[in-house]
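All residue numbers refer to positions in the sequence shown, counting from 1.
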Amino acid sequence: MNATFDSIADFALDLTPDQIPASTREAAALMVLDTLGITIGAGPMEAGVIARDTAALLYGSSDPNFTARMMFDGRNVSVAGSAYAAATQTDNLDGHDGYNPTKGHIGVVVVPTLAALAEVSDDISGPEALTAVTIGYEIAGRAGLALHDTVSDYHTSGAWNALGVVAMAARLRGMTHDQMRQALGIAEYHGPRSQMMREIANPTMLHDGSGWGAMVGVSSVVLAERGFTGAPAITIEADEAKNHWQDLGTFWQMEHQYVKPYPICRWAHAAIDGARAIMKEHGLSHGDIKHVQVNSFHEAACLFQDLPDNTSKAQYSLPFAVAIQIVHGRIGVEHISGAGLKDPTVADVMTRISVTEAEHHSKRFPVGRCADVQITTTDGRVLDSGDTHARGGPEAPMSRDEVIEKFMEFATPSLGVTRAAAIRDATLGLVRPDSQLSDLTQHLFDAPEA
């Protein structure tokens, strides 16, 4: 065995809830809640509907020991199909958490995996569920760092968050060290090595590849349980990846995820926040705007510039998002879908927005997601935001109450206040020693009432 793998396997399989700081467990519960809000909000969107229908068509199981309902749908598919459908659905509403150093997302696969595995497991305690969640985040995050450090291309999250899925499933299914090693090797080998910047240049429902990350991770575990073997995972066992695993169990990445205040690519958030701050400070309306200059990092400047004609493009369009914020003072699902895509006022404001790369912002990326915004008003004033960090991350965190409020905003339209509140309370209650995961999952599978 490889020494780095041995330490990872010990961490994933033997960690006990009381070995995790209380603040980390609280962060895990909050990130589960935040992800669930996006999963719920994304339910009626076309990508989610297609993903669930496809899972029902293609990814079923004849064995009840591997059958799971799809979240907020209720139809039975395989465990891998359930995780795939929910991860794809969540991934296509770009409001889920992420981790700056990986330039990607973890909760988008962790929460669907937890829900799917709960369907084929004995009831899991709340603290054990949060331990599994934390393991998923800690393994996936470091796998992402290792991947980016050992390859030339920038890959989507599905290329590496599949390894977090394996770690969670290995723990919850009681795998041996060798089975886990084989599953990690299978998942890394088959993970979608999709190039993120292709999707940035031409936004589609492919998004960040996380649906396939969930599918590959769960499938790899089932394969390994049956004796299928996989080449050792380079992101874990290669010498050049070793440094990314040395702080496992001492530095808790779980506590350093960012929460998105907007269902828009994170790269656009600093620009949105800069415009938002100016508008609020000076009491401006969209009619007061003559021109908006956005200066940001290279990747943000590469985001889709034209007027989007679908939700995928809308979530990757920086000027469209800034225009929505200027016009409506917030960005909701209704603004990036349906009639919101044809809002004439937003389209008009977009024509007044320019986006330029600024070298000093590019140098801070990916740890910093910064921009500065200048708004020229119709009466000739030039108002400057100064350098602005995107809200929601360690540099400018959202409060616990703000995250909870965000969940209710996204969950209530589909589920109603009563069911949304029940999910909220059960999720946050997982930190209690006497809680059970079933306190939460009993609310997660029935389709929303029409």
Closest non-hydrogen atom pair between T412 and A420, with its separation: OG1-CB, 3.9 Å

Under 3.5 Å: donor-acceptor pair, side chain of N100, backbone of V367: yes

Partner of R142 under side chain to side chain contact (heavy atoms under 4.5 Å, CB included), chosen from I8, N243, D247: D247

Contact summary for A55 and M70, nearest pair of heavy atoms: CB-SD, 3.8 Å

Working for side-chain hydrogen bond (donor to acceptor under 3.5 Å, both in side chains), residues H105 and D91: CA-CA 9 Å; H105 309 278; D91 204 21; 5.7 Å; no

Side chain to side chain, Y99 and Y137, heavy atoms closer than 4.5 Å: no

Distance, nearest 0.5 Å, that separates CG of L163 from OG1 of T235: 5.0 Å

Trace of the side-chain hydrogen bond (donor to acceptor under 3.5 Å, both in side chains) decision for T229 with Q182: CA-CA 5 Å; T229 58; Q182 303 308 323; 4.7 Å; no

Cation-pi, Y258 ring and R266 (6.0 angstrom, 45 degrees): yes

Salt-bridge contact D153-R193 (side-chain N to carboxylate O under 4.0 Å): no

Student check: side-chain heavy atoms of V221 and V166 closer than 4.5 Å: yes

Pair M254-I20, side chain to side chain contact (heavy atoms under 4.5 Å, CB included): steps then yes or no: CA-CA 10 Å; M254 183 75 257; I20 302 174; over 6 Å; no

Heavy-atom pair with the smallest gap, counting every atom of A129 and L437: CB-CD1, 4.0 Å

Trace of the side chain to side chain contact (heavy atoms under 4.5 Å, CB included) decision for L303 with V355: CA-CA 10 Å; L303 289 170; V355 181; over 6 Å; no

Euclidean distance, H361 NE2 relative to N295 CG, rounded to 0.5 Å: 6.0 Å

Flag if over 12 foreign heavy atoms under 6.0 Å of CG, D122: no

Salt bridge flag under 4.0 Å for residues K406 and E402: no

H269 and Y262 aromatic centres sub-6.0 Å: yes

Heavy atoms from other residues, nucleotides or ligands near CD1 of I234 exceed 12 (cutoff 6.0 Å): no

Pairwise side-chain contact, L147 with V151, heavy-atom cut-off 4.5 Å (strictly under): yes

Any side-chain heavy-atom pair of L36 and L440 under 4.5 Å: yes

Backbone of A396 reached by a side-chain donor or acceptor of R391 within 3.5 Å: no

Donor-acceptor pair, side chain of R181 and main chain of N2, under 3.5 angstrom: no

Residue pair N76, T67: steps toward the side-chain hydrogen bond (donor to acceptor under 3.5 Å, both in side chains) verdict: CA-CA 6 Å; N76 282 321; T67 300; over 6 Å; no

D208 side, atom CG; T88 side, atom OG1 - distance, nearest 0.5 Å: 11.5 Å

CZ/F11: more than 12 non-hydrogen atoms of other groups inside 6.0 Å: yes

Between T39 and T90: side-chain donor-acceptor atoms closer than 3.5 Å: yes

Summary of ring-ring contact (aromatic ring centres under 6.0 Å, His included) pairs that have at least one residue in residues 47-77, sequence neighbours excluded: Y59-Y84

Residue pair R69, L444: steps toward the side chain to side chain contact (heavy atoms under 4.5 Å, CB included) verdict: CA-CA 9 Å; R69 290 170 289 175; L444 296 187; over 6 Å; no

Under-4.0 Å salt bridge between D18 and R25: no

Single hit among D94, D34, D97 for salt bridge (charged side-chain N to carboxylate O under 4.0 Å, His left out) with K260: D94

Side-chain heavy atoms of L145 within contact of Q253, under 4.5 Å: yes

Residue pair N161, S210: steps toward the side-chain hydrogen bond (donor to acceptor under 3.5 Å, both in side chains) verdict: CA-CA 7 Å; N161 62 24; S210 290; 3.1 Å; yes

CZ (R330) with more than 12 external heavy atoms under 6.0 Å: yes

Flag, side chain of S385 to backbone of V373, donor-acceptor distance under 3.5 Å: yes

Whether Q179 side chain and T176 backbone form a donor-acceptor pair below 3.5 Å: yes

Test item: S312 side-chain N/O and T204 main-chain N/O as donor-acceptor pair under 3.5 Å: yes

Nearest-0.5 Å distance that lies between atom SG in C302 and atom CE in M197: 4.5 Å

N/O donor-acceptor pair under 3.5 Å between Q325 side chain and D273 backbone: no

From CZ (F304) to CG (N202), nearest 0.5 Å: 8.0 Å

Neighbour count >12 (heavy atoms, 6.0 Å) for atom CD, E46: no

A118 versus T441, closest heavy-atom pair with distance: CB-CG2, 4.0 Å

Any donor-acceptor pair under 3.5 Å from D53 side chain to I50 backbone: no

Any side-chain heavy-atom pair of H207 and Y316 under 4.5 Å: yes

Residue pair T388 / A270: nearest heavy atoms and the distance that separates them: O-CB, 3.4 Å

Separation between OG1 of T156 and CD of E199, rounded to the nearest 0.5 Å: 9.0 Å

Salt bridge flag under 4.0 Å for residues R364 and E395: no

Non-hydrogen side-chain atoms of L428 and L30 separated by less than 4.5 Å: yes

Evaluation steps, side chain to side chain contact (heavy atoms under 4.5 Å, CB included), between D401 and E405: CA-CA 6 Å; D401 287 346; E405 182 182 348; over 6 Å; no

Heavy-atom side-chain contact between I336 and P263 under 4.5 Å: yes

Smallest separation among heavy atoms of H177 and L13, with atom names: CD2-CD1, 3.4 Å

